[in-house]
Amino acid sequence: MDAKPIMDIPTGLFIGGKFVDASDGERFDVMNPATEQVLTSVASATVDDGMKALDAAEAAFSDWAGRTPRVRAEVLRKAFELMMAEQERLARIITLENGKALSDSRSEVAYAAEFFRWYAEEAVRNLGDVMRAPSSGARILVQHKPIGIAVLVTPWNFPAAMATRKIGPALAAGCPVVVKPASETPLTMLALMPILEKAGVPPGVVNILPSRSSGALVDKLLHDPRVRMISFTGSTAVGRKLLHGAADNVVNTGMELGGNAPFIVCADADIDAAVEGAMIAKMRNIGEACTAANRFYVHEEVHDIFAARLTDRMRRMKIGNGLEEGVEVGALVNAETRDKVEHFVADAVAKGAEILTGGEPVPGKGYFYAPTVLVNVPDTAECLRDEIFGPVAVLQRFHSEDEMISRANDTEYGLVAYLFTKDLKRGLALSERLEYGMIGLNRGLVSDPAAPFGGVKQSGIGREGAHAGLMEFLETQYISVAW
Ligand code: NAD
């Protein structure tokens with residue numbers, strides 16, 4: 001396990017309660033996107049390592065599921081406390097491997113830890129049901145049992161929160177897990193593991209498999225009959241592949257996929273509040289969020305004032321290495337993401353869009369892109385169809401509500417929409433017409449561990465967070481009882 005040590009982060013696979021090398025000894029590098037330098041290397045799990053992790057999970061399952069909900073709850077509560085005690089260290093690790101500003105990373109750690117606290121509280125609320133059958137003499141008794149071993153595959157944009165949002169409910173439900181963190185950001189999950197151990201998570205209950213052969217590894221796991229759930233957060237393209245793979249053994253799926261969020265500013269909106277909301281919805285995580293506002297539809301009466309104020313705010317943002325205090329815009333995760341953003345802007349401009357601020361990468365080392373506002377963006381621009389995943393606000397004007405709703409809904413995605421209006425009645429009526437799993441009504445942030453997070457259409461299947469998130473890891477069993 002020879003790797004450059006960094007911040008005491010283990011760099012092996014975690015299987016059955018131990019950090020180990022990959023069975024073929026392979027490792028891969030983890031980069032710092034702000035400096036383009038290698039931070040360290042981590043072990044790369046093979047398919048054989050995947051099987052060892054399943055063996056460990058299988059061995060741990062009955063003991064973990066058999067512990068009382070209160071005992072599991074206490075472990076999760078402790079994990080929340082320990083995680084918050086290490087908030088600063090974990091935030092630095094996130095910034096090092098992901099590039100986002102420390103302020104974003106600190107918020108992420110707090111958000112991520114909150115899933116442990118929330119599911120500590122949910123673990124003791126696995127409620128069943130009993131009723132009298134309407135016509136037979138039976139009683140209908142309904143209980144919810146752990147679904148079984150779950151494979152959790154997470155993305156790089158929130159390396160802590162997307163993991164805890166799955167681990168929290170899985171452990172609360174009594175399920176052991178095998179976690180496959182994103183190859184760009186495996187260190188955060190590896191750094192979380194000693195915290196989980198200290199909190200009392202027994203060997204085998206959480207196993208971690210960073211791998212640069214994600215496709216082969218996850219496919220093998222999905223086709224092992226011991227796996228009963230795959231919970232995935234990532235792109236719709238990969239989600240689709242996993243859904244195909246899950247079909248063979250009819251594995252349960254939870255899919256948190258891509259988005260193309262509209263951000264709607266009505267004529268009667270409080271413009272300052274809308275700009276504030278836009279800064280969060282667009283710039284949290286440098287726009288590298290499935291919930292990031294991707295298309296702004298602004299009523300023609302307020303378009304220019306909204307564009308001017310948003311531009312002013314975006315222009316003043318401090319760009320730099322995320323580890324520096326005061327930096328608001330860190331580096332994008334890799335060259336590919338930065339180049340994609342550059343392509344979207346070039347495409348829109350070539351088709352007639354106008355740049356109000358930004359519009360180019362920052363020269364020098366690191367994958368930085370300047371906060372950008374585009375107006376007069378034509379309908380044919382690619383950035384209106386695809387996730388931008390970067391700090392670019394794309395504005396269009398609208399004239400009537402009907403036209404705006406039909407444009408907002410004209411996408412295969414349906415994760416989140418934002419809507420600003422002072423008229424709550426109008427806001428609720430329009431919300432109902434938006435084909436999205438979540439609506440931010442006069443708010444630029446919807447993520448909350450207590451709320452059911454998830455999308456409709458090709459943005460996903462199932463919900464994470466809230467009581468619904470616990471139910472994803474539970475199987476319903478009905479017993480017909482001769483009372
Ligand atoms: P990605 O789909 O490329 O990767 C996600 C994870 O899947 C990573 O761990 C990756 O290593 C793994 N993976 C890649 N190919 C695989 C394969 N063939 N089989 C199995 N696993 C594979 O996504 P990303 O680039 O890491 O993250 C960005 C995407 O995630 C965006 O589309 C974003 O919208 C989405 N996202 C969605 C949510 C949500 O809650 N809906 C949250 C965060 C991110």
Side-chain angles (χ1 to χ4, degrees), residues 28 30 33 42 44-45 47 50 97-98 100 108 111-112 115 151-166 178-186 188-189 208-223 227 230-246 251 253-261 284-294 332-334 336-338 340 385-390 411-416 436-438 446-449 451-465 469 472:
F28 63 95
V30 184
V42 300
S44 178
V47 162
E97 64 176 353
N98 168 283
K100 66 174 89 168
E108 181 183 346
Y111 173 52
F115 284 103
V151 173
L152 315 179
V153 182
T154 59
W156 50 260
N157 62 344
F158 291 95
M162 297 303 95
T164 60
R165 196 164 79 172
K166 299 179 189 305
V178 176
V179 187
K180 212 300 290 169
S183 314
E184 293 83 353
T185 57
T188 304
M189 187 60 229
I208 307 174
L209 301 179
S211 177
R212 66 170 168 206
S213 319
S214 309
L217 172 66
V218 175
D219 191 62
K220 182 77 179 172
L221 292 170
L222 260 183
H223 287 90
V227 170
I230 170 130
S231 176
F232 172 76
T233 298
S235 61
T236 297
V238 173
R240 250 185 231 117
K241 278 190 206 164
L242 297 181
L243 282 165
H244 280 288
V251 174
T253 60
M255 292 281 147
E256 296 288 348
L257 309 177
N260 181 5
R284 186 170 76 110
N285 239 42
I286 332 167
E288 291 175 316
C290 53
T291 50
N294 212 53
L332 295 169
V333 74
N334 53 27
E336 194 191 338
T337 303
R338 195 256 329 262
K340 202 170 152 200
R385 300 266 135 222
D386 293 330
E387 284 185 295
I388 300 169
F389 247 58
T411 167
E412 76 257 28
Y413 294 111
L415 189 63
V416 58
Y436 288 84
M438 302 177 287
V446 295
S447 305
D448 188 323
F453 187 106
V456 300
K457 291 157 81 177
Q458 294 189 35
S459 282
I461 298 171
R463 292 294 179 270
E464 291 189 334
E472 298 273 321

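Worth knowing before you read on, the calculation uses all heavy atoms, side chains too, and leaves out hydrogens, waters and symmetry mates. Atoms within each ligand, like the ligands themselves, are counted from 1 in listed order.
Counting the atoms of ligand 1 from 1 in the order shown, those under 4.0 Å from a heavy atom of P181 are 9 (O). Remark: ligand 1 atoms within the under-4.0 Å shell around heavy atoms of L415 are 41 (N). Of all atoms in ligand 1, numbered sequentially from 1 with element shown, those under 4.0 Å from a heavy atom of S214 are 11 (O), 13 (N), 20 (C), 21 (N), 22 (C). Annotation for ligand 1: atoms under 4.0 Å from non-hydrogen atoms of W156 are 24 (P), 25 (O), 26 (O), 27 (O). Taking every heavy atom of V153 and a limit of under 4.0 angstrom, the matching atoms of ligand 1 come to 6 (C), 7 (O), 9 (O), 12 (C). Near L242, with a cut-off below 4.0 Å to any heavy atom, the atoms of ligand 1 are 19 (N), 20 (C). In the vicinity of T154, heavy-atom distances shorter than 4.0 Å reach the ligand 1 atoms 6 (C), 8 (C), 9 (O). Atoms of ligand 1 lying under 4.0 Å from any heavy atom of T233, numbered from 1 in the order shown and given with element: 5 (C), 36 (N), 37 (C), 38 (C), 39 (C), 40 (O), 42 (C), 43 (C), 44 (C).
Of all the heavy atoms of F158, none lies under 4.0 Å from any atom of ligand 1, so neither backbone nor side chain is involved. At a heavy-atom distance under 4.0 Å, atoms from both the backbone and the side chain of K180 approach ligand 1.
When distances from atom 9 (O) of ligand 1 to the protein are checked, a heavy atom turns up under 4.0 Å.
At a 3.5 angstrom cut-off on N or O pairs, E387 counts as close to ligand 1.
Protein heavy atom closest to atom 35 (C) of ligand 1, with residue, atom name and distance, is G234 O, 3.1 Å. When only non-hydrogen protein atoms are considered, atom 41 (N) of ligand 1 lies nearest to L257 O, 2.7 Å. Remark: minimum distance from atom 40 (O) of ligand 1 to any protein heavy atom is reached at R165 NH2, 2.7 Å. From the protein, the heavy atom lying nearest to atom 23 (O) of ligand 1 is S235 N, 3.5 Å.
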